[in-house]
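Proteins come first, then strands; the chains are lettered A, B, ... in the order of their sequence lines, and each starts at number 1. Computed over heavy atoms, backbone and side chain alike; hydrogens, waters and symmetry mates excluded.
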Amino acid sequence: MSETPNLPESGSDLWRERLSAYVDDEIPPEEREAVEKAVASDSDRAAELRSLQDLSRALQAWKVEALEPPGDLAREIEAVRAGSGPGKAAETSFASLLEGGRRLPPPLLPRWATQAAVFCLGVLTGVAGIAAWRPEPPSGSHRRIGASPAEGTAPPPVVNVFITSSQAEGLLREVAAEEMGKDLMDSVRAGKGDRAIKIWQDLLRQYADTRAAKALAEDRAWGVLLSRHSNMGGI
Amino acid sequence: MKCDVSQSFSRHYDDLYRFAFRLLGSRDGAEDAVQEAFLRLAGQCAAACEVGPVAARDRRSARPGHVEKDGVGAPFSGGEEGVRRWLFVVVRNLCVSRLRREAARREVPLDDRREREIGSRDPDPVQIAVAGERGRWVAEAVASLSPEMREAVILREYEGMSYVEIADIAGCSVGTVRSRLARARDKLRELLRPLLEEKP
């Protein structure tokens, strides 16, 4: 086994790198020639080359079937693209994004969490009701100092309000969307256009069906502010 | 060149999805990344026509040299190939960010864990001979590579890209691509030894 001049030692990192580039046809002609000569005269180098070629073939066993692109994605793209037409206001595309048959956003919380939230809501309502209760003095008389509340009027009855888990989930979604809306407006006011747009994208992705998202879509003010920001080169 | 997002969508969706899927190993993640990339593309095209927030979004996300705002035309140089490269860059960046976030959430690094799982597996030639099993074996081996090595292998072996193209997408030099590919192949040969030693 003889070492070819000007060629890295067999088994070295440099040789492996060169051989790998050779397999990819990514080395200059003079190097290619040197590699071919070395492989022809050295069984170890030849075995290494075969192993790389085998690897390349073996890797092809991993097939990935492409999925049908989601139909609503094409509509979303069209909606965004349509916003570029001259004379069309940006909010037109916002509205189409909302109405364009978006994929249903993932549920904010799993079902068990929603049910837990409903339970907690009920408990909190009860606690708040008790905390807020103040006995009213009997009419026509003054309450005695030191008198216990029990001596006043009877506490108002606790009213249990039951809501379904889907109502609770809707409520939570509205709250979350409203928070994102506030965040968005703060970003607009602070001149952070990129952040505002990111929040808007997230809002659309997750809570497009909420009142807060719809209200923002109809609100031209923030769009205009952002456009100005954009024209100034801020975005 | 006229900016035609629909054409880009039909031409490149499959390749981008497969690339993202191989990088992430997740169908949902891949769909999200590709969807986001096309929405950004639509935004870029709209931005070239001087409109509001949705259109102008993410203008900064494109790498220098890939986007040129030339008025009415598309904001991409290099025609449809330029658009394709830009989409790959966006999908790649989204996937890498996701992988980093996921890795940060794990106590044991993803790469080490997968490598150990693969290394400890008892190779069964009969099972490996099954085509589906071979594919799974390869998928797991590729997934065990670092994101940088993984993307180089995927772009080269499955997308057939040149070193220059890979360097462009990965944001590194051609020399780095060459080195990453060589190291990745070393590791893959080790992990896939039973598969490589099997007679066809």
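Residues B:Arg183 and A:Glu17 have side chains not in contact (no heavy-atom distance under 4.5 Å, counting atoms from C-beta outward). You'll find the side chain of B:Tyr158 reaches within 4.5 Å of the side chain of A:Gln60, heavy atoms only. Taking the side chain as every heavy atom from C-beta outward, A:Ser20 and B:Arg178 never approach each other to under 4.5 Å.
Using a 4.5 Å cut-off between heavy atoms, B:Ser162 contacts chain A through both its backbone and its side chain.
Side chains of B:Glu157 and A:Ser56: a donor-acceptor N/O pair is present below 3.5 angstrom, by distance only.
Of the listed residues B:Val174, B:Asp186, B:Leu192, the one with more heavy-atom pairs under 4.5 angstrom with chain A than any other is B:Asp186.
The distance from the CZ atom of A:Arg57 to the CG atom of B:Leu196 is 10.0 Å, given to the nearest 0.5 Å. We find the CZ-CG distance between B:Arg189 and A:Leu52 to be 4.5 Å, quoted to the nearest 0.5 Å. Note that CH2 of A:Trp62 and CD of B:Glu140 are 10.0 Å apart. Values are rounded to the nearest 0.5 Å. For the atom pair B:Arg134 CZ and A:Leu59 CG, the distance stands at 11.0 Å (nearest 0.5 Å). Here the straight-line distance linking atom CD1 of B:Ile166 with atom CG of A:Asp24 works out to 7.5 Å at 0.5 Å rounding. Interatomic distance, B:Lys187 NZ to A:Leu55 CG, rounded to the nearest 0.5 Å: 13.5 Å.
Smallest separation of non-hydrogen atoms from A:Ala58 and B:Val138: O-CG2, 3.5 Å.
Classification of A:Glu48 and B:Arg185 as a salt-bridged pair fails, no side-chain N sitting under 4.0 Å from a carboxylate O.
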